[in-house]
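Throughout, a chain's letter reflects where its sequence line sits, starting with A, and its residues are numbered from 1.
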2 protein chains.
Amino acid sequence: MAAERERRRDAGRTRQQLLEVARCRFARQGYATTTVRDIAEDAGVNVALISRYFTSKEGLFKACLDTAFAEIRRDAEQTTPNDVAAVLARRIAGAEDSPRRMEGLLLLLRTSGDERIDEMRRGVLRAVSERLAQVTGDPEAVLRAEVVLAATLGIAMMRSSLQVQPLATATEQELLAPLTDLVEGLMGQPMTRRRPAR
Amino acid sequence: MAAERERRRDAGRTRQQLLEVARCRFARQGYATTTVRDIAEDAGVNVALISRYFTSKEGLFKACLDTAFAEIRRDAEQTTPNDVAAVLARRIAGAEDSPRRMEGLLLLLRTSGDERIDEMRRGVLRAVSERLAQVTGDPEAVLRAEVVLAATLGIAMMRSSLQVQPLATATEQELLAPLTDLVEGLMGQPMTRRRPAR
DNA sequence: GTTACAAGTCAGCGCACGTTTACTACTGTT
DNA sequence: AACAGTAGTAAACGTGCGCTGACTTGTAAC
């Protein structure tokens, strides 16, 4: 209850504000296209604060990635085999705090030009894929899980920057059936899975 | 047979050279990250020639998109229902002129910041999806076709800029089975397709 | 009320980018 | 051989970017 009244100057709050608007910009426009002046204006503060709180534009981007990674890992850990499609649908088109949820996914495929960041990204994608692959014990499972993940990222892309209809405005419910079929087709009961390569 | 010997100065050839190296750069790095000086150096010519032959960087990008669009449309027109997965696998990981084939796909999701170009992009994606959707007459078919397309684009992304293993180095043969299952699951025999939403 | 420090602002630096202008060199024609 | 026209070059211009250092203002402690 202490100090809960609004302060006109609050470092923690502005830092958080910067994180959120930056995350939104980076996810929608990509790293290179987003300028620090845009971000500062969105947050309603001066540009210099970005350098102060996050060292640099790249530092801010990395901070955005960190929060996104944490979210995604949490999602992945709590997902059970039967859940996969529903969790993906929720993340892509979940209603409650949309479109914040999808932003995390989009950050995964926005490159900053920094090799260390790309390495982090690969790490997260790989971890999520392997978690997904645990659903089956198949040696090909990781590859198939990565295809599921790739599909999810692709859908997120088409909905955000490309805005291809009708996918762009499909609801969570409308996405659930196709995603279920996709996951089922790729990781569920064997169809072509067990047959030898032609 | 006329004038087939190599000329040291050949406008048509340099123009073509610029188109090819630009397409590669744009596909790999995106529009904003690629500089005209990079492109000119790759082509081994002076920067000013980009302005001369394509008016501007954006003009060059648009020219790249035009060639990619033509290729993709041609692919789409010649695809039969049973072919879909094979054509996609070939485009993603086709051996003969790889990785040129995949570049066309990647250009579809690289944004230039120009709204007219984005409109073109949406148009092509939409056309390809509708063509894909003709496989079935289902009203939901376009949505499902777009999911197939999104998956394809996502895979291309993971192979190029993200380089997530094992997807990044999977061969055409290795991709064929998962893609077949994906297409089958989404557009083939009804599984959850006909059952009402939960 | 005064003081000290943190929060926030302002103006500008340096650099890399896309583009342009003035120039040089090659090539086919007569 | 001289010319004309085009292919290609060199250098610089203007702009917008990320970032910085000196400054101002709010806030909490005494």
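With rounding to whole Å, A:N46 atom CG is found 14 Å from D:dG18 atom P. Atom P of nucleotide C:dG8 and atom CG of A:L49 are separated by 6 Å, given to the nearest angstrom. Note: CZ (B:R13) to C1' (D:dT6) measures 17 Å, nearest angstrom. Taking atom CZ of residue A:R9 and atom P of nucleotide D:dT24, one finds them 14 Å apart after rounding to whole Å. For the pair A:I50 CD1 and D:dC19 P, the interatomic distance rounds to 9 Å; values are reported in whole Å. When the P atom of D:dC19 is taken as reference, atom CZ of A:F61 falls 14 Å away, rounded to whole Å. When rounded to the nearest whole Å, the span between CG of A:L60 and C1' of D:dC17 equals 16 Å. The interatomic distance linking A:R52 (CZ) with C:dC10 (P) rounds to 14 Å, in whole Å.
Of the candidate nucleotides C:dA6, D:dT20, D:dG18, D:dG18 has the atom nearest to the side chain of A:K57. Comparing C:dT19, C:dG8, C:dT21 by their closest approach to the side chain of B:S56 singles out C:dT19. When distances run from any side-chain atom of B:S51 to the nucleotides C:dT20, D:dT20, D:dG8, the shortest one goes to C:dT20.
Residue pairs meeting the ring pair (Phe, Tyr, Trp, His ring centres under 6.0 Å) criterion with at least one partner in residues 17-36 of chain A, sequence neighbours excluded, are A:F26-A:Y31, A:F26-A:F61, A:Y31-A:F61.
Across all strands, B:F54 comes closer than 4.0 Å to no nucleic acid atom at all (heavy-atom distances). Residue-level contact check: B:V47 touches the bases, meaning some heavy atom is under 4.0 Å from a base atom.
Comment: B:E77 does not engage B:R73 in a salt bridge, judged by the lack of any side-chain N to carboxylate O separation of less than 4.0 angstrom. Between A:E172 and A:R101, no side-chain nitrogen of the basic residue sits less than 4.0 Å from a carboxylate oxygen of the acidic one, so the salt-bridge criterion is not met. Using a 4.0 Å cut-off between charged side-chain N and carboxylate O, A:E119 and A:R122 make a salt bridge. Using a 4.0 Å cut-off between charged nitrogen and carboxylate oxygen, B:E71 and B:R91 count as a salt-bridge pair. For the pair A:K62 and A:E58, the salt-bridge criterion is not met [side-chain N within less than 4.0 Å of a carboxylate O].
Against DNA chain D, the stretch residues 28-43 of chain B makes heavy-atom approaches under 4.0 Å through B:R37.
An OP1 or OP2 oxygen of C:dG8 is reached within less than 4.0 angstrom by a side-chain nitrogen or oxygen of A:T14.
When the options A:L107, A:T111, A:L109 are evaluated for a side chain to side chain contact (heavy atoms under 4.5 Å, CB included) with A:R121, the one that passes is A:T111.
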